[in-house]
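This report refers to the structure that appears directly beneath it.
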Protein chains: 2
Amino acid sequence: MIGIKRLAKHLNMSISTVSRALNDRPDSSEATRKRVREAATKLGYVPNQSGRNLRSGTTGTIGFMMKTGPEIIGQGHTHFFMNVLDGVQEVLLRHKLDLVALLCASTEDADDYLRRVVSRSVVDGLIISNTRRVDPRISFLADRKVPFVGFGRSTTDVGQPWIDIDFETIAAESINRLVAHGHKRIAISLPHDDINLGHVFHENARNALGSHGLTLDPQYIYRSLPSETGGYEIAQKIVVTKIRPTAIALSNESSVIGLYRGLMEHGILPGRDIAVIGLNSPNSRYLSPTLTGFHLSLHDLGVALGEALLASMPQYADAYPLGIVRKVWPVTLVPGESDALNFIKPKSLIA
Amino acid sequence: MIGIKRLAKHLNMSISTVSRALNDRPDSSEATRKRVREAATKLGYVPNQSGRNLRSGTTGTIGFMMKTGPEIIGQGHTHFFMNVLDGVQEVLLRHKLDLVALLCASTEDADDYLRRVVSRSVVDGLIISNTRRVDPRISFLADRKVPFVGFGRSTTDVGQPWIDIDFETIAAESINRLVAHGHKRIAISLPHDDINLGHVFHENARNALGSHGLTLDPQYIYRSLPSETGGYEIAQKIVVTKIRPTAIALSNESSVIGLYRGLMEHGILPGRDIAVIGLNSPNSRYLSPTLTGFHLSLHDLGVALGEALLASMPQYADAYPLGIVRKVWPVTLVPGESDALNFIKPKSLIA
DNA sequence: TCTAGTATTGGAAACGTTTCCGGAAAACCG
DNA sequence: CGGTTTTCCGGAAACGTTTCCAATACTAGA
C-alpha cells in the first residue's frame with residue numbers, strides 16, 4: 001500500500017502539491033496534474049479513505065437503511081428497491097459517492113440502529129424508506145443535522161426533502177375507473193397502520209368514492225403485508241366475506257401475485273368474477289388475465305431521490321440548485337384485462 | 001460532537017488513559033474504567049470511526065456485495081439473502097462489527113466495483129455470493145489479502161473458506177425420490193452456466209440418474225433465472241416440449257412459484273400431471289398442492305458464514321478457532337403433495 | 001527596469017484515535 | 001526496611017490526508 005507521501009517523494013514534489021493535483025484544485029498547474037495522475041496510476045496509488053475522512057469529516061458514502069430478517073416489509077419489494085437504488089447509485093457515482101445498504105438486524109431496534117450509524121458517522125447522507133406516519137427517525141436526523149431524504153412522506157415534518165409515489169392518483173383513479181365500470185362494492189388493500197402511504201391511499205380512495213356518492217365499507221379494507229403472501233391472505237379474507245366486494249384496488253406491487261393465486265384456487269377469476277387494479281412490476285407481467293395496473297419509472301425515481309439528497313448537502317448544492325425537493329412521483333395507468341369492462345356478470349360466487 | 005480530548009480534559013486524565021479505559025485494555029484499572037464509561041455516556045461521547053480507522057487500519061465493517069438493477073439474480077432471492085444476512089449480522093454484532101450491503105450499480109462491472117471497494121478499504125472483510133465457476137473475485141481478494149468467505153464454492157481455489165448449500169444432496173435425493181415414484185423422464189432446472197452451483201446440481205443429478213440406469217436427456221435441462229419469472233418460463237418450455245417430462249427437480253427456491261402458475265394456466269397440476277420437487281421458502285408455504293421441498297435454516301447458515309469469516313480474520317481468530325471453514329450446509333426434505341406417490345395416471349397432456 | 005500582481009509551490013498544522021515508552025506509585029517478598 | 005516486581009498513568013508519536021499560510025517564480029504593465 002502506497003501513500004501520498006511516497007508518491008510525493010517519487011515525484012520529487014511536496015505532498016501538498018500532489019494532493020492539490022489529485023483533487024484538481026484550481027491552484028495547481030495542468031502540467032503537474034498530468035504528471036501526478038500518471039505516476040499515481042503507475043504506482044497504483046489510491047487515496048486512503050480513512051485519512052481523508054478524518055481530515056475532511058466526510059466519508060463519501062450514502063446509506064440506505066433497511067432491515068434484515070424474516071419479517072421484512074415484503075419480499076417482492078426487493079425488485080422495487082433494487083431498481084430505485086440503481087438509479088440512486090447512478091447519480092451518486094457521478095460525484096464519486098458510494099451507496100451502501102445499512103442492514104439493521106431483526107434483533108435490533110431500527111431507531112437505535114440509526115442512532116448508532118449516525119454517531120459512528122459512517123455516511124454523509126441517508127435515504128430512509130417506509131416512512132411512518134409519525135417517524136422519530138426524521139426528527140432525529142434533522143436534530144443531528146444529517147442530510148437525508150425521505151422515500152415517502154410523513155406527518156413528522158422538519159422541512160426535509162422527500163419523494164413519494166403518487167398514491168393520491170393511484171387511489172383516486174383506481175376508484176374512479178372501477179366506479180365507471182359499474183362497481184359499487186369496492187375494496188382496497190392497505191399496509192400496516194403505521195406506514196404513511198396507507199393513510200394517503202385510504203383517504204383518497206374514500207374521497208373518490210364519496211364523490212360518486214359511495215362510501216368505503218370498513219369490511220372492504222384489507223390490511224396485509226405488501227408481499228405475495230399478503231396478497232394470498234387477502235384472497236382468503238375476500239372468500240369468507242359475507243357480501244363479497246366486486247372489485248379491489250391494491251396499494252402495492254407485490255400482493256397481486258398472491259391475490260391472483262388465492263382467488264383462482266377458489267375459482268374466482270380476476271377480470272371476470274372480480275375486478276383488480278394494482279401496480280405493475282416485472283412479476284405482474286406474466287399474469288393472466290393481464291393486470292390493469294399503474295406503471296412508474298423506478299430507476300428515474302431513484303435518480304430523483306439521489307438528486308434530492310445531493311441538493312440538500314451543502315457540498316453539492318450548487319450542482320443541484322433544486323432547493324428542498326418535495327415531489328410526488330407520477331404514475332400512468334396501463335389498462336389490462338383484470339378490470340375488464342364486460343364485467344358485471346356476477347357468478348354465483350359473488351354471494 | 002465531543003472527542004476523546006475533551007472527554008479527557010473533563011475527567012482530568014490523559015487521553016491515553018481514557019482510550020485504554022474505553023477499550024478495556026488490561027493496563028487500566030477497573031475504577032478508572034468505570035469513571036470513564038460514565039462520563040462518556042453522560043457527555044454522549046462516541047469514538048470517531050475515521051480516527052480509529054486511520055490509526056488501526058481497520059474499519060469495523062464487513063461487506064456483503066450485491067448488484068442492483070433490473071436483471072438481478074432473482075427477486076425472490078431476497079428473502080433468502082435477508083435471512084442469511086440476518087444471521088451474519090447477529091454474529092458480527094457480538095464483536096461490534098457492522099454489516100453493510102455493497103451495492104454495485106448495474107452500469108458498473110462487478111469486478112471493477114470490488115476493486116474499488118477494496119482499494120478504498122471501506123471494509124475489513126467480505127462475503128461474496130453467487131460464486132461463479134471461475135471467479136476472478138476470489139483470486140483478487142486473496143491477492144490483496146482481504147479476508148473473505150464465499151457463500152458458495154468455486155473451482156477458483158486459493159484455500160478460501162466457504163459455506164455452500166448441499167446441492168449434492170438436493171440433486172441426488174430429488175432424483176432418487178422421483179425415480180422411486182416411477183418417473184423416468186425427469187427434468188432439472190439450472191441457473192446460468194457461470195454459476196458454480198449449477199454444475200454441482202447437474203453432475204449429481206446425472207450421477208443419480210445413472211445409478212438407476214437412466215440418463216439425463218439434454219432437452220430436459222431447463223436453464224432459467226432463479227426467479228418467479230424464470231419458473232414461469234420453464235413452464236412455457238415444458239409445454240412445448242414434444243415428449244414432456246413427468247417430473248422436474250428445481251435448483252432454487254423462487255422459481256417454483258412461477259412454475260406452478262405457468263403449468264396451471266395450461267391445466268397441468270403439479271402432483272397430478274407432473275411431479276415437482278423444489279426448495280422451501282415462505283412464498284412456497286401457501287402453494288397448493290403443497291410443495292415437496294428441501295428445507296434449510298438460512299439464519300443459521302448466516303451465523304456460520306459470519307463465524308467462518310471471523311475465523312479467517314487474525315484479530316478474531318482466537319475467538320473462533322475453526323481454521324479454514326469449508327462446509328456443505330445440510331438440508332432436509334419436507335414431503336408434500338407436489339410429487340405425490342399416487343402419481344402415474346398420465347393424462348392426455350403428457351403426450 | 002522596476003513594481004504589482006498572478007500562478008504555483010513547500011512547510012506545517014490539524015483531524016481523532018491508538019500505542020509505544022518511560023516513569024511513578026503501589027504492592028509484594030524476603 | 002530495601003529491593004524487585006506489578007500496576008497504572010502521562011507524554012508523544014504515528015496513521016494519511018487536506019488546507020492554511022507564507023514564499024517563490026513568473027508575467028504583465030508602466
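Just so it is clear: chains get the letters A, B, ... in the order the sequence lines come, proteins before strands, and each one is counted from 1.
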- prompt: Tell me the ring-ring contact (aromatic ring centres under 6.0 Å, His included) pairs involving residues 13-42 of chain B, sequence neighbours left out?
  reply: none

- prompt: Separation of B:Leu22 atom CG from C:dT17 atom P, in whole Å?
  reply: 9 Å

- prompt: Are the charged groups of B:Glu38 and B:Lys34 less than 4.0 angstrom apart, N to O?
  reply: yes

Trace of the side chain to side chain contact (heavy atoms under 4.5 Å, CB included) decision for B:Val122 with B:Thr61: CA-CA 7 Å; B:Val122 299; B:Thr61 27; 5.8 Å; no

query: In whole angstroms, how far is the C1' atom of D:dA13 from the NZ atom of A:Lys5?
result: 11 Å

query: Taking atom C1' of C:dT19 as reference, at what distance in whole Å does atom CZ of B:Arg52 sit?
result: 14 Å

B:Ile4 CD1 - D:dA14 P separation (whole Å): 19 Å

All N/O donor-acceptor pairs, side-chain side in residues 304-324 of chain A, below 3.5 Å, sequence neighbours left out:
residue	atom	partner	partner atom	Å
A:Ser312	OG	A:Leu309	O	2.7
A:Tyr320	OH	A:His95	NE2	2.9

message: Is it true that, when you exclude A:His10 itself, more than 12 heavy atoms of the residues, nucleotides or ligands shown sit nearer than 6.0 Å to its NE2?
response: no

message: Checking A:Ser106 against B:Asp86: is there a side-chain donor and acceptor pair closer than 3.5 Å?
response: yes

Under 3.5 Å donor-acceptor pairs involving side-chain atoms of residues 42-49 of chain A, not counting sequence neighbours:
residue	atom	partner	partner atom	Å
A:Asn48	OD1	A:Ser50	N	2.7
A:Asn48	OD1	A:Gly51	N	2.8
A:Gln49	NE2	A:Asn53	OD1	3.0
A:Gln49	NE2	A:Thr59	O	3.1

query: Do B:Asp24 and B:Arg37 meet the salt-bridge criterion of a basic N to acidic O distance under 4.0 Å?
result: yes

- prompt: How long is the line joining CG of A:Leu11 and P of C:dT9, in whole Å?
  reply: 12 Å

query: Taking A:Ser56 for the side chain and A:Arg52 for the main chain, is one N or O donor matched with an acceptor at less than 3.5 Å?
result: yes

message: When the axes are fitted on five pairs at both termini, how much does the helix from C:dT1-D:dA30 to C:dG30-D:dC1 curve, in 10° steps?
response: 40°

- request: Give the rounded distance in Å between these two atoms: CG of B:Leu54 and P of D:dT17.
  value: 9 Å

- request: Could you tell me whether B:Asp27 and B:Arg25 make a salt bridge, using a distance below 4.0 angstrom between a side-chain N and a carboxylate O?
  value: no

message: Is the phosphate of C:dC15 approached by A:Asn53 (side-chain N or O, under 4.0 Å from OP1 or OP2)?
response: no

- prompt: Which parts of nucleotides 4-12 of chain D does protein reach within less than 4.0 Å, heavy atoms only, written one letter per nucleotide 5' to 3' as B for base, S for sugar-phosphate only and - for none?
  reply: ----SBBBB

Gap between atoms CG and P, on A:Asn48 and D:dT17 respectively (whole Å): 5 Å

query: Quick one: does A:Arg55 reach the base of D:dT18 with a side-chain donor-acceptor pair under 3.5 Å?
result: yes

Could you list the protein-to-nucleotides 25-27 of chain D atom pairs, N/O on both sides, closer than 3.5 Å?
none

- prompt: Around A:Arg6, counting heavy atoms of other residues, nucleotides and ligands shown, do more than 12 lie under 6.0 Å from its CZ?
  reply: no

query: Whole-Å distance between C:dT17 C1' and B:Leu7 CG?
result: 13 Å

